[in-house]
Each structure stands twice: as structure tokens, then as C-alpha cells.
Amino acid sequence: MIELIIAVVCGLIIGAMLLIIGMLIYKVYDDNRYKKRLATEKLLKEIEVRNTLNQKIIEILNRPVTGDDKDLINPQNDVKVPFYDYNFLKNYTSMYNLYIPAYFLSTFFTDLSHHLAVFDDEQDLKNGGYIFKESRPIFEKFSVSITEDIEVKKKELNNTKNIYPSLLKHQHYNL
């Protein structure tokens, strides 16, 4: 009878140890899975934010020059940024500054500020936006650097993509 009680107690102790070890292993696995999911979601958000910003820059560069602006703007060198687009760039970059490197933004807006054509307020309102003289290369360089950064982020994402293909398919990102 005592051997049976000792066997039951030993069985309970061994079972409890196995349960605790199993729970610890699952906890570590679940924490790692959560961290990988957060890293994947952050990469996806970074790609999305950079892509939206790049699309807006390309839209500004491809905007045709109207008849009124031909006196002020040389389409090969100058860029006219309407007020709403400039406000979008400033607000969007400040809203998503966690997902865009600060050096991209600071160099871009600093370089732009050096090329701003200064008019009085009435002339700016008449123009409908800001005119940046000889700034087309700045916009193009910024777009290229964003595109290169997007490609780097996509490569990083492909490394994590192999871990969670079902998560990426679930979010409907077409990579």
C-alpha cells in the first residue's frame, strides 16, 4: 500500500513538472511568435507609408504646367507644389514619423527650403502653391531614395515572410 502511495505521489510530481515545463516552452514560443508578428506588421506599415509618400511625390512631379504658370515655372527644373499637397507632405510625414527615417525628411525639407521662390502672400495665393526653383532633382532624388528604401524593407519582409505566410495572405498585401 505504501508503494502505491509513493508511486502516485511521484507520478503527480513528475506530471506537475512536465506540465510546468510544457507551459514554459509554450510561453517562450508564444512570446517569440508575438514579437515576429509585430516586426512583420511594422515592416508592412513602413512599406505602406513610404509607398504613399512616394506616390504623392511622383504625383507632384507629373503634374502638368498650366498656361498661367508657364511664366514662372520651367518644367525641366522647377516644381510647383500646391498648398494642399505641401500641407499633405508636412502633415503626413509628421503623422507617420515613426515609420519614415528622420534624415530623409530633414534633408528633403531643408533642401526644399533653400529653393523656395519668395513671393508676397497675394502672389502665392494667385499661384495657388509654392514654387521651388531648380528643385526637380531634389524631388527626384528623394523619390529614388524612398524607392530604394522600400526595396530594402521588402527584402527584410521576405526574410520574415517565410515565417508567417498565412499572416501576410490574411492582410491582403500584394508583394
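Worth saying up front: this structure is predicted, and the values here are computed from it rather than measured.
The heavy-atom pair separating L112 from F132 by the smallest distance is O-CD2, 3.3 Å. When all heavy atoms of L43 and K153 are compared, the pair lying nearest together is CD2-CD, 3.8 Å. Scanning all heavy atoms of the two residues, the minimum distance from D78 to E134 falls at OD1-N, 2.7 Å.
By the neighbour-count criterion of 12 heavy atoms within 6.0 Å, atom CE of M17 is sparsely surrounded, having that number or fewer from other residues, nucleotides or ligands.
Although no hydrogens or angles enter the test, the distance criterion places no donor-acceptor pair under 3.5 Å between the side chain of N51 and the main chain of I47. Judged purely by atom type and a 3.5 angstrom limit, S143 has no side-chain atom pairing as donor or acceptor with the backbone of F139. Between the side chain of R63 and the main chain of V81, no donor-acceptor pair closer than 3.5 Å is present.
Under the 4.5 Å side-chain heavy-atom criterion for Ile, Leu, Val, Met, Phe, Trp and Tyr, L105 and I58 are members of distinct hydrophobic clusters. Taken together through direct or relayed side-chain contacts under 4.5 Å among Ile, Leu, Val, Met, Phe, Trp and Tyr, V49 and V152 form parts of separate hydrophobic clusters. Under the 4.5 Å side-chain heavy-atom criterion for grouping Ile, Leu, Val, Met, Phe, Trp and Tyr, Y99 is connected to Y103 within one hydrophobic cluster. If you chain together hydrophobic residues whose side chains sit under 4.5 Å apart, L61 and F83 fall into the same group. Residues F109 and I100 are members of one and the same hydrophobic cluster, defined by side-chain heavy-atom contacts under 4.5 angstrom among Ile, Leu, Val, Met, Phe, Trp and Tyr.
When side chains are defined from C-beta on, F108 counts as touching I57, because their heavy atoms get closer than 4.5 Å. Put simply, the side chain of I131 reaches to within 4.5 Å of the side chain of K133, judged on heavy atoms. Side-chain contact between K42 and L38: absent, with no pair of heavy atoms (C-beta onward) separated by less than 4.5 Å. The shortest distance between side-chain heavy atoms of L89 and L53 falls below 4.5 Å. You'll find the side chain of I60 stays beyond 4.5 Å of the side chain of Y86, heavy atoms only.
Note that CD of Q55 is 12.0 Å distant from CG of N62, once rounded to the nearest 0.5 Å. A distance of 11.5 Å separates CZ in R50 from OG1 in T147, rounded to the nearest 0.5 Å. Here L12 contributes atom CG and L19 contributes atom CG; the two are 11.5 Å apart, rounded to the nearest 0.5 Å. Atom-to-atom distance recorded for L157:CG and I150:CD1 is 12.5 Å, nearest 0.5 angstrom.
Checked for salt-bridge contact, K27 and D30 miss the test: no charged N lies under 4.0 Å from a carboxylate O. Salt bridge status for D31 with K35: absent, with no side-chain N to carboxylate O gap under 4.0 Å. Salt-bridge check for E151 with K155: failed, with every basic side-chain N at 4.0 Å or more from each acidic carboxylate O. Using a cut-off of 4.0 Å between Lys/Arg side-chain N and Asp/Glu carboxylate O, E41 and K45 are scored as not salt-bridged.
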Exercise. Can you list the steps and then say if L44 with E48 is a side-chain contact (heavy atoms from CB on, under 4.5 Å)?
Worked result: CA-CA 6 Å; L44 288 171; E48 180 183 344; over 6 Å; no
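A cation-pi contact, defined as under 6.0 Å to the ring centre and within 45° of the axis, links K56 to F88.
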